[in-house]
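Below is one structure, written out as structure tokens, with a few remarks after it.
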2 protein chains.
Amino acid sequence: MSGDEAGAIGHPAEGEATMADVAALAEVSPATVSRYLQGKRVRDAERVAAAVEQLQYRPNQAARGLRSRTTGAVAVVVRDIGNPYAASLVAGIQSVAGDLGFPLYLAGGVDHLDEIVDNISPRVDAIVCAATLDRAVLDALRRARKPTVLVEFEPAGEEHEFDVVVVDNAAGAEAAVGALIDLGHRSIGVVAGPDGVSVARERLEGAEAAVEKAREGVTLAVERTDFSFAGGRVATGRLLDREEPPTAIFACNNLTAIGTLQCIQDRRIPVPEQLSFIGFDPFAHPDLVCPAPPSTVDRPEEAQGALAMRLLEGRMSGRGAARPRRIVLETTLVLRGSTGAPPDRRADHAGAARRRHHLDG
Amino acid sequence: MSGDEAGAIGHPAEGEATMADVAALAEVSPATVSRYLQGKRVRDAERVAAAVEQLQYRPNQAARGLRSRTTGAVAVVVRDIGNPYAASLVAGIQSVAGDLGFPLYLAGGVDHLDEIVDNISPRVDAIVCAATLDRAVLDALRRARKPTVLVEFEPAGEEHEFDVVVVDNAAGAEAAVGALIDLGHRSIGVVAGPDGVSVARERLEGAEAAVEKAREGVTLAVERTDFSFAGGRVATGRLLDREEPPTAIFACNNLTAIGTLQCIQDRRIPVPEQLSFIGFDPFAHPDLVCPAPPSTVDRPEEAQGALAMRLLEGRMSGRGAARPRRIVLETTLVLRGSTGAPPDRRADHAGAARRRHHLDG
DNA sequence: GTGAAAGCGCTAACAT
DNA sequence: ATGTTAGCGCTTTCAC
């Protein structure tokens, strides 16, 4: 395919033009073309550029990778791309990876994540991992020996050498529970996550911190879940079945929040009149949610992804501190219709509701 | 790194073992190892297997690709991974790609999709494209000269050579509008999509077909949108502002459906008492949606993705018909609380509603 | 700054 | 069925 006549004609009959073709057409050596492509100064840059353009030359990534041991690609690891949080994160990563010219591998699956990481890691220069981490996955990440950034999930109580981009989960939870306390709630239910998951622990700790700061007789009723949709539903049922059910519920992630709302819906509990609600993680369209638009602790998901990708880019190009970096982003508490005063403090609120109703009619 | 002492020790000091290392340890030629790895029959298979295991040998994909001109990877092209439909589809593709051992490139972005396809195509053996298609994207797909399957979106009125996995959009829309007609609706609003998008056209045609079949005085009020969220909201407003507003609305995709519901919510229109609603595409949690759980025409998104990937696998391994295949899946109409009889036929329904209310209280 | 030459790790002819 | 050989397209010494 490469050869004399190809250069002369300007169009290798079939298949891609090679660097040798470009070199021949530009009347330089392949080495010069290679240098030109790497952005180095070259005497006949214009002629080379013209040849590249004329032949529609595209470097062969396999050959380049074989020689230089790079791939020019990045992997993003998530357990379930169907989770809106993961999808937004990936969207954020994708947008900056695209700008940087890095194709993105999507590696995922609920199980065997360690094997998946092992399979993908030779194909990439760097990894973004936004999945709950167990020992096996962590080991796979280490085996990769590639720049890696952990997004949102950190290994449970363990030293590690990776960069990290997280949100301040504890502060977010504290703000949420604090807001409920300020409204007068004294018994607050928490739909928590697994103890082994970093974000679950932090959010629970944040909730507890808010209670401690209040220093009044505020009690927290905690139900653990697996952070699933169904788990949230069951846990909420348990909370509401207690002797003295809470007047407010804080659900610690997006899936359990759905479960909580479904349970509330099933039981036709007036929100926020009888029960207030705050969830962690944004809803796509809160204004369409029953029984009331849910208050949420929102994270900047796309920004988080974008930041992770930029961090990685820095590592790959050798810039950045040698030490692992840890970036903590802030959450935002958005109070919506699902949050109000507890029943025993609602006199004035009920009046306000009536007044609003009048205005509507 | 490869060489005599490596084989003897069994552990190349650093970096990966090469095929030569394996061959030396197993006392066969590299070619035999290569054949073994490709699943061909080899005399000393056990010894080779042992050597592979002992050295933790992982083939170098770059070298393999350079030689064999394959990549072992697949690309999935979507415009916006944040769209739940796209995310589900990708999940379906991912699950079978994982089983087949194909890493997945996620290629996407709203703009410049043709360039993105050009960039990704040399890195993959096959492409799944689930994005609206314009001339530029289509050309990029053709330039790739790789097995390609189009999911959901087909080029607007144009011959093409690609495999296709779609749902029967027209039948789905016809079922939805037919159900509204059967309930007694005579004026039905349609929030349609852009004329250039195949699914938009088909869904509108399906709606029209239902009206024709009815042969009574049923009229369709059509508002075009760009299939966006905001577009759906505006279009719904226009429908409701008409002289004789429709008693039911059919929204032709998931984004416009959200917009429609928001508009309905804004105007506090009772659903389904005064206005019925059906959308195209599933909602993640329909029971939590206000003002009423939306009826929807559901597609088997994950199955669609899985099927596309299997089709591709067949093409890559040379199996399958030479001619392009076209697979059409069925949709499912799910009627929920957002759909009922029109106001002028609600006498009995209102009674039913009252009765239900009594039972609750 | 440039060109010549070597070689990354693998697969595919080819001859045996 | 096996080994030998060549070379995929590129980057990177090295000498100039």
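Order of the sequence lines sets the chain letters (A, B, ...), proteins ahead of strands, with each chain counted from 1. Everything numeric here is computed off the predicted structure, so don't read it as measured data.
- Applying the 6.0 Å contact sphere to CD of B/E53 captures no more than 12 heavy atoms from other residues, nucleotides or ligands.
- Under a cut-off of 6.0 angstrom, the local environment of CD in B/E46 is sparse, with at most 12 non-hydrogen atoms contributed by other residues, nucleotides or ligands.
- A/D163 has no carboxylate O lying under 4.0 Å from a charged side-chain N of A/R326, or vice versa, which leaves the two without a salt bridge.
- Regarding B/R69, its CZ atom lies at a distance of 6 Å from the C1' atom of D/dC8, rounded to whole Å.
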- Query: How does each nucleotide of nucleotides 10-16 of chain D score, in 5' to 3' order, for protein heavy atoms under 4.0 Å: base (B), sugar-phosphate only (S), or none (-)?
  - Reply: BBBB---
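- The closest side-chain donor-acceptor pair between A/T71 and A/D125 falls under 3.5 angstrom.
- Electrostatic pairing of B/D139 and B/R135 counts as a salt bridge here, judged by a charged N lying under 4.0 Å from a carboxylate O.
- One atom, CG of A/L66, and another, P of C/dG9, lie 7 Å apart when rounded to the nearest Å.
- Projected onto DNA chain D by closest heavy-atom contact, A/A62 and B/T32 fall at different nucleotides, the more 5' of which corresponds to B/T32.
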